[in-house]
Q: 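Take this structure, written in structure tokens, and hold onto it; I'll ask about it next.
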Amino acid sequence: MIWKVAVRIARREALRHKGRSALVAAMLALPVAGASAADTLYHTTKLTTVEQLQRDLGHADALVSYVAPTPIEQLPDGTVPGSAQAGGMLSGALQGVQVASPVDSGVLPSGSRVVPLPNQQELRVEAPQGADSVPVVERDLGDPLLSGLYVPKAGRAPRAAGEVTLSTSLLSSLDKHIGDQLTAEFLTPGQVPDKNGQLPKHQLTIVGEDDDPAHLDADEVIAYPGTLPAVPDDAGPTQWLAQIPGGLNWAQVQKLNQGGYSAESRLVVENPPPDSAVPLMQHYHAASVGSSRLTQALLAVGAVGIVMALLEVVLLAGPAFAVGARKRRRDFGLMGAAGADHRMVRAVVLADGLVLGAVGGVVGALAGIGLGRLALPEAVDFTHREPGAFRIAPGDLAGAALIGVVTGLIAALIPAVITGRQQVLESLTGGRRGARGVPWKLATLGAVILAAGLAATGYAVFRPGIHTVPLVGGIAVSELGVVACTPLLVALTGKLGRLLPLTGRMALRDSARNRGRTAPAVAAILAAVAGSTAVATLLTTNDAQGRAQYHSTLRPGQVALMFGAAAQQQEEQQSGGSLRYNGTPTGPDLTPVDAAKAIAAISAVLPVRSAAVIPTQDYNGFVPVSIVVKRTPANDCPFFNGNGGAVVLPPGQGGESMIQSDPRCQAAFGGGQVVPGDAATLRALTGTVDPQAEKILAAGGMVVFSPFDLTGTAPAGGAPRATIALQRDCPPAGLDLPDDLRSQFAPYCAGPPPADLTLPAAVARTKDGSAVNGVRALIPQSAADKYRVKYVPSMVLFDTTRMPTKAEQERANAAAESLGTTALLDVEHGYQGGNDTTMLALAAVAAFVTLGAAAISTGLAITDGQADLETLAAVGARPRMRRALAGSQATITAVLGTVLGSATGLVPAVAIVEARSHSFVQSALQGRSGHGLRGLIGGGPTVHAQSYLTIPWTFLIGTIVIVPMLAGIAAALVTRSKIEIRRRRG
């Protein structure tokens with residue numbers, strides 16, 4: 001009965017004061033609208049099974065891929081987990097071996113039809129800025145099986161050799177239109193350059209515009225089959241779209257696996273088999289533990305952000321309900337005089353939160369749908385993926401609306417408790433006794449809550465692994481504990497009033513006396529500043545960590561010109577991953593490079609002081625051997641002795657941190673090749689002159705970059721020594737292989753392996769003992785000749801006299817493109833971090849919330865303090881006194897909120913940083929996946945166990961000093977000086 005009456009009163013009050021009610025409802029609707037929009041975007045961009053199959057398979061029943069000439073295992077979705085080295089081995093092994101289509105090999109049921117998907121190749125096309133290398137594939141887009149693989153934008157599909165369609169991104173960058181001619185060079189093996197090093201040019205006709213729905217930003221060319229020249233010793237297509245009578249079931253997929261083929265089957269994906277029927281599933285789960293734990297860490301960070309955002313809304317809405325309760329103080333007094341008890345008064349204020357929360361929840365949920373629809377194009381631009389059909393989830397939207405209701409009730413809770421304690425006489429007469437004493441009970445409870453939150457956070461941080469629930473709960477509870485202590489802190493600051501001038505003393509004591517309205521405003525500012533401080537601290541820490549871990553051993557101003565596979569890997573890194581077209585990786589261009597010509601071309605346009613050629617092993621063909629450094633068991637990383645380089649940790653989560661502090665494991669992450677070189681090579685790699693190392697290298701010894709690569713000392717002279725060995729990746733004995741494939745292994749695998757070679761060695765010190773520019777050790781040419789391993793130029797390192805200008809770098813890029821082969825030039829500019837724009841945005845958000853909460857609190861204080869102002873005016877106070885008092889009240893509120901918020905915001909930031917530094921997952925996975933220039937020539941990211949916590953002092957000083965000053969100035973400017981003296985009741 002009480003709640004029925006309370007809700008009726010709250011509804012009528014909301015209609016009577018529409019402006020205030022709309023403001024509060026809008027405030028409560030904001031997080032609901034954000035959650036609703038995010039949920040709508042999620043369900044729209046997350047493809048359904050049918051949509052994903054349409055994108056992967058078109059109208060085909062299955063996508064069949066040739067994986068290896070041996071039986072394989074796969075997951076129901078078609079995934080075959082395997083290392084990149086295995087893919088490279090297969091690519092070389094299949095050279096000269098024609099891969100049979102699944103129809104010809106008999107692994108598909110009779111009556112099946114397949115459409116081959118030839119492997120991706122490279123084109124160099126003329127562009128406004130010079131020339132661009134872009135991927136090209138041959139596809140018959142007119143075949144019904146391919147319908148859905150691409151998004152047609154304009155024009156038509158190619159119908160004859162020489163006709164192509166371009167992606168929207170490429171059309172824009174080339175400034176081309178449908179009907180134009182495209183001048184291109186084919187960068188395929190077998191293309192013979194002329195005497196000037198230029199490849200033949202071909203004219204292609206642009207007939208359409210088609211995009212890859214999974215990579216809308218990709219620069220791609222789709223040509224009609226027969227447009228591209230044949231590749232010598234090409235294995236042919238290794239992927240096919242298949243139309244199969246009755247579809248392809250799991251038993252038939254496993255039959256395909258026995259022949260070395262994998263398949264993504266529409267029938268299997270829509271009706272997946274149980275895990276017990278998938279042999280690979282148990283291994284896959286074991287391999288994915290790290291990934292799932294990394295996901296937990298990311299979810300923890302996201303959950304912390306959501307909790308802090310909701311708490312911010314609660315604390316912002318609290319002062320608004322406090323204002324409403326103050327305005328209705330006389331109404332509550334009349335209710336008490338009519339017989340209403342304190343429970344009824346509290347219920348009415350809570351009903352305000354219920355009614356406005358319900359309105360905000362419903363409006364926010366509906367508005368979120370519209371916002372999600374409006375934001376969909378921006379989401380597509382951000383993800384570069386074609387979304388699915390526009391979808392909403394009614395259950396999720398109802399949950400979001402419920403968040404608005406709960407938020408409104410929580411925001412109205414404190415004003416309800418404070419209002420319920422008011423005496424009837426005080427409410428009717430307008431008495432302003434204010435709070436007396438110090439709220440020790442609430443502060444004690446807040447201190448207990450704060451201690452519990454810090455304990456939970458400490459547990460999550462310092463226990464090995466990721467503990468999402470205690471981390472998120474501890475951070476949220478800690479902030480609530482600080483909020484509960486806010487009234488005490490506000491009351492205690494009132495005792496500092498004697499140190500301030502008159503207006504400051506009045507403002508400070510008024511805030512302490514009326515902490516019921518001051519504390520919510522301070523808490524709102526606290527929450528906003530805490531959130532921005534936490535994010536700013538994380539950004540600053542990430543920047544410091546990136547600067548500390550920046551691992552390019554190119555020195556500022558040094559230039560690297562990469563060829564073939566090196567340039568290929570760097571382009572993949574810059575494109576955000578492997579350049580893939582329907583799952584087929586781009587093959588590297590290993591055309592031999594004239595190093596002397598390359599040095600001359602770059603030296604002509606850059607201020608080059610010296611240049612050195614860095615070789616790499618020639619994998620052009622099937623080469624299953626490589627030279628490696630052989631460590632002693634005591635010097636080797638104890639965690640990487642599993643099959644295929646798997647991480648083998650000791651039992652228990654404590655083993656995760658062991659690998660981070662073990663310097664023996666750096667080479668396991670960094671990789672690197674053993675290559676021949678001389679003193680010039682060593683100087684280009686390290687940037688220093690090392691007479692001892694150069695002497696040993698000239699005398700037929702070797703240079704390593706980690707002391708753990710040494711195997712001991714010579715018995716006589718005591719000189720250090722290191723050992724290299726020929727590593728052979730040969731098939732196990734008894735494995736049934738095709739004769740043509742076995743014949744390729746024979747020259748490398750016949751007979752016993754060559755003996756290990758131990759040489760005098762010197763250690764060239766580096767930052768952390770990892771590979772330098774992709775080189776783990778330098779050996780004399782005689783050692784490479786002994787093992788009959790062939791090397792080709794991989795890159796040229798140029799030392800410059802100064803940092804090249806932008807114009808010089810553009811000319812150098814053009815010179816690299818003119819070399820007649822795939823080449824990529826990179827100038828080292830040093831670490832390019834910084835989050836200036838983001839930090840400014842965070843400061844703006846914190847300032848906006850601070851100014852708003854300070855304005856609410858100041859307005860309420862001015863209203864409550866009208867009697868004091870009238871008294872001051874009666875005794876001769878100047879008119880500007882009101883402005884000075886308003887400015888002082890706004891400044892004090894803002895200072896209290898920003899100081900407490902800055903301190904509170906460091907708690908989640910420190911917790912997340914420390915939890916991340918104690919977790920093996922992030923550093924290990926980043927190190928294992930280091931690619932591109934920073935991984936290729938910089939040795940890859942290394943594993944770091946230390947914390948890089950960095951406090952954003954500039955941000956904090958600006959928040960604590962500048963923002964309160966702005967709040968005070970703004971309050972003084974907008975407040976009227978004239979005081980109207982009113983007749984007082986009683």
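Worth saying up front: this structure is predicted, and the values here are computed from it rather than measured.
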Q: Does the side chain of Thr959 come within less than 4.5 Å of Ile962's, by heavy atoms?
A: no

Q: What distance separates Gln181 CD from His202 NE2, expressed to the nearest 0.5 Å?
A: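 Rounded to the nearest 0.5 Å, the CD-NE2 separation comes to 13.5 Å.
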
Q: Taking the side chain from Glu694 and the backbone from Pro691, do they hold a donor-acceptor pair closer than 3.5 Å?
A: no

Q: Assess the residue pair Val703 and Val763 against the criterion (side chain to side chain contact (heavy atoms under 4.5 Å, CB included)); give the C-alpha distance rounded to whole Å, side-chain angles, the decisive distance to 0.1 Å, and a yes or no.
A: CA-CA 6 Å; Val703 174; Val763 179; over 6 Å; no

Q: Please examine the side chains of Ser626 and Gln673, heavy atoms only from C-beta on, and report whether any two atoms are closer than 4.5 Å.
A: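 Heavy-atom side-chain distance check fails, nothing below 4.5 Å.
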
Q: Could you measure the distance from the CG atom of Leu561 to the CD1 atom of Ile602? Nearest 0.5 Å is fine.
A: 5.0 Å

Q: Checking salt bridge (Lys or Arg N to Asp or Glu O under 4.0 Å) for the pair Lys176/Glu126: CA distance, chi angles, key distance, verdict?
A: CA-CA 11 Å; Lys176 293 288 186 180; Glu126 292 186 355; over 6 Å; no

Q: Quick check: do Val164 and Ile206 have side-chain heavy atoms less than 4.5 Å from each other?
A: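 In short, these two side chains touch, coming nearer than 4.5 Å.
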
Q: Count the heavy atoms belonging to other residues, nucleotides or ligands that lie under 6.0 Å from CZ of Arg802, then report whether that count exceeds 12.
A: yes

Q: For a side chain to side chain contact (heavy atoms under 4.5 Å, CB included) check, start with the C-alpha distance between Tyr791 and Val675, then their side-chain angles and the critical distance, and finish with the verdict.
A: CA-CA 8 Å; Tyr791 289 86; Val675 301; 3.8 Å; yes

Q: Any sub-3.5 Å donor-acceptor pair from Ser172's side-chain atoms to Ser169's backbone N or O?
A: no

Q: Rounded to the nearest 0.5 Å, what's the gap from CG on Leu685 to CG on Asp690? Could you check?
A: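 It comes to 12.5 Å.
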
Q: Between the main-chain N or O of Leu710 and the side-chain N or O of Asn635, is there a donor-acceptor pair closer than 3.5 Å?
A: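 Yes; judged by distance alone, with no hydrogens or angles, the pair exists.
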
Q: Look up atom CG in Leu204 and atom CG in Leu182, then write down how far apart they are to the nearest 0.5 Å.
A: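 The CG atom of Leu204 sits 5.5 Å away from the CG atom of Leu182.
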
Q: Please walk me through it: do Leu949 and Val910 pass side chain to side chain contact (heavy atoms under 4.5 Å, CB included)?
A: CA-CA 7 Å; Leu949 179 64; Val910 172; 3.7 Å; yes

Q: Measuring only between side-chain heavy atoms, which start at C-beta, is Asp709 closer than 4.5 Å to Arg776?
A: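 Yes. Closest side-chain heavy atoms under 4.5 Å.
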
Q: For Ala777 versus Val629, what's the shortest heavy-atom pair and its separation?
A: CB-CG2, 3.9 Å

Q: Would you mind reporting whether Pro676 and Pro615 have side-chain heavy atoms less than 4.5 Å apart?
A: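 They are in side-chain contact.
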
Q: What is the minimum heavy-atom distance between Ala722 and Thr711, and which atoms define it?
A: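 What the structure gives for the nearest pair is CA-OG1, 3.6 Å.
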
Q: Identify the two heavy atoms, one from Ala761 and one from Ile696, that lie closest to each other, and give their separation to 0.1 Å.
A: O-CD1, 3.6 Å

Q: To the nearest 0.5 Å, how far apart are CG in Leu759 and OG1 in Thr723?
A: 8.0 Å

Q: Checking side-chain polar atoms at under 3.5 Å, does Thr950 have a donor or acceptor matched by the opposite partner on Thr540?
A: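 Looking only at side-chain atoms, Thr540 and Thr950 do not form any donor-acceptor pair under 3.5 Å.
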
Q: Could you walk me through whether Gln203 and Thr183 pass side chain to side chain contact (heavy atoms under 4.5 Å, CB included), step by step?
A: CA-CA 5 Å; Gln203 297 297 320; Thr183 303; 3.0 Å; yes

Q: Can a donor-acceptor pair be found, under 3.5 Å and without considering hydrogens, that links the side chain of Glu220 to the backbone of Leu166?
A: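 No.
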
Q: Does some side-chain heavy atom of Leu757 sit less than 4.5 Å from a side-chain heavy atom of Lys786?
A: yes

Q: Provide the closest heavy-atom pair for Pro804 versus Leu606 in the form atom of the first, atom of the second, distance.
A: CB-CD2, 3.9 Å

Q: Could you give the distance from NZ (Lys630) to CG (Asp636), rounded to the nearest 0.5 Å?
A: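 CG of Asp636 is found 11.0 Å from NZ of Lys630.
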
Q: State whether the side chain of Thr800 and the backbone N or O of Gly557 hold a donor-acceptor pair below 3.5 Å, judged by distance alone.
A: yes

Q: Report yes or no: does Asp212 contribute a side-chain atom to a donor-acceptor pair with the main-chain N or O of Ala218 at less than 3.5 Å?
A: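 Not a single qualifying donor-acceptor pair exists.
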
Q: Please say which of Arg609, Gln558, Arg683 ends up in a side chain to side chain donor-acceptor pair (under 3.5 Å) with Asp799.
A: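 Testing Asp799 for a side chain to side chain donor-acceptor pair (under 3.5 Å) against Arg609, Gln558, Arg683 leaves exactly one candidate, Gln558.
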
Q: Heavy atoms only: give me the nearest Ala611-Phe798 pair and the separation to one decimal.
A: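 That closest heavy-atom pairing would be CB-CD2, 3.6 Å.
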
Q: In terms of side-chain heavy atoms, does Thr168 have a donor or acceptor partner in Asp211 at a distance below 3.5 Å?
A: yes

Q: Verify whether one side chain among Asp678 and Thr681 offers a donor that lies under 3.5 Å from an acceptor in the other.
A: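 Side chains of Asp678 and Thr681: pair found under 3.5 Å.
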
Q: Taking the side chain as every heavy atom from C-beta outward, state whether Val674 and Val775 have any atom pair closer than 4.5 Å.
A: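 SC-SC contact between Val674 and Val775 ruled out.
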
Q: Any non-hydrogen side-chain atom of Arg631 less than 4.5 Å from a side-chain atom of Phe708?
A: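 Arg631 vs Phe708: side chains touch.
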
Q: Please say which of Thr537, Leu538, Asp543, Leu539 ends up in a side chain to side chain contact (heavy atoms under 4.5 Å, CB included) with Thr541.
A: Thr537

Q: On a heavy-atom basis, which atom in Gly677 and which in Leu778 lie closest, and how many Å separate them?
A: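 Gly677 and Leu778 have their closest heavy atoms at CA-CD2, 4.1 Å.
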
